[in-house]
Structures are given as C-alpha cells and as structure tokens.
Amino acid sequence: MAIIFYEYMQQPRYWLAHDENGYWLVPAKEQGWHDRSVFVGHAINLIPLRDFDGIDLGLPVD
C-alpha cells in the first residue's frame, strides 16, 4: 500500500499520512517522517497533498 498524505495544519505545519499501519501526524520538514507520531483524533474534509514543496521527508525506499 502506498502512503497517502493530506494537508492538516499550517502553523506549525503538519501533514497527515495514511499507510497500512494507520494514520500518522508528520511534521512538514526535512526528515519529518522520522519524527512522526500516531494520529489520534478526528479530521474531516482532508485535502490530499499534491506537492511536498521540495521537502524530503526521508520516506523509506521500497
């Protein structure tokens, strides 16, 4: 399964990620994937992320 990212917060900037293990709160910064935490909450009307703005989250390579 691919990781799907959504816009979540602008200040501080965070994205939500969804993968086979659940939902993650990911800081939108270099290597932010390594600082992710489990997302426990409720969010509606999430907008799929289309552009990472040149940020390298440090995602694992398949």
Side-chain angles (χ1 to χ4, degrees):
M1 177 180 182
I3 302 171
I4 302 169
F5 287 87
Y6 301 95
E7 295 278 354
Y8 185 59
M9 293 174 53
Q10 290 296 319
Q11 293 295 329
R13 192 171 181 196
Y14 279 90
W15 297 325
L16 283 182
H18 180 229
D19 67 7
E20 65 272 1
N21 295 312
Y23 285 88
W24 303 96
L25 188 59
V26 182
K29 65 177 187 175
E30 295 292 319
Q31 302 300 311
W33 185 252
H34 303 289
D35 295 328
R36 72 189 182 280
S37 58
V38 174
F39 177 73
V40 179
H42 182 75
I44 58 172
N45 299 326
L46 293 173
I47 300 169
L49 186 66
R50 300 191 192 282
D51 184 7
F52 286 93
D53 292 335
I55 296 172
D56 178 7
L57 288 176
L59 294 169
V61 178
D62 292 332

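Excluded from the calculations below are hydrogen atoms, water molecules and symmetry mates; all remaining heavy atoms, backbone and side chain alike, are included.
- Under the side chain to side chain contact (heavy atoms under 4.5 Å, CB included) criterion, Tyr14 pairs with Tyr8, Met9, Pro12, Leu25, Pro27, sequence neighbours left out.
- Trp24 is linked by a side chain to side chain donor-acceptor pair (under 3.5 Å) to Asp19, counting only residues two or more places apart in sequence or in another chain.
- Applying the side chain to side chain donor-acceptor pair (under 3.5 Å) test to Gln31 and every residue at least two apart in sequence or in another chain returns His34.
- Taken together through direct or relayed side-chain contacts under 4.5 Å among Ile, Leu, Val, Met, Phe, Trp and Tyr, Val38 and Trp33 form part of one hydrophobic cluster.
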Side-chain donor-acceptor distances from residues 48-57 under 3.5 Å, at least two apart:
| from | atom 1 | to | atom 2 | distance (Å) |
| --- | --- | --- | --- | --- |
| Asp51 | OD1 | Asp53 | N | 2.9 |
| Asp53 | OD2 | Arg13 | NH1 | 3.2 |
| Asp53 | OD2 | Arg13 | NH2 | 2.5 |
| Asp56 | OD1 | Gly58 | N | 2.9 |

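- Hydrophobic cluster membership differs between Tyr23 and Ile47, with clusters built from Ile, Leu, Val, Met, Phe, Trp and Tyr side chains linked at under 4.5 angstrom.
- For residues 37-47, no residue pair satisfies the side chain to side chain donor-acceptor pair (under 3.5 Å) rule, not counting sequence neighbours.
- Annotation: salt bridge (Lys or Arg N to Asp or Glu O under 4.0 Å) contacts involving residues 26-41, sequence neighbours excluded, comprise Lys29-Asp35.
- Qualifying side chain to side chain donor-acceptor pair (under 3.5 Å) partners for Gln11, counting only residues two or more places apart in sequence or in other chains: none.
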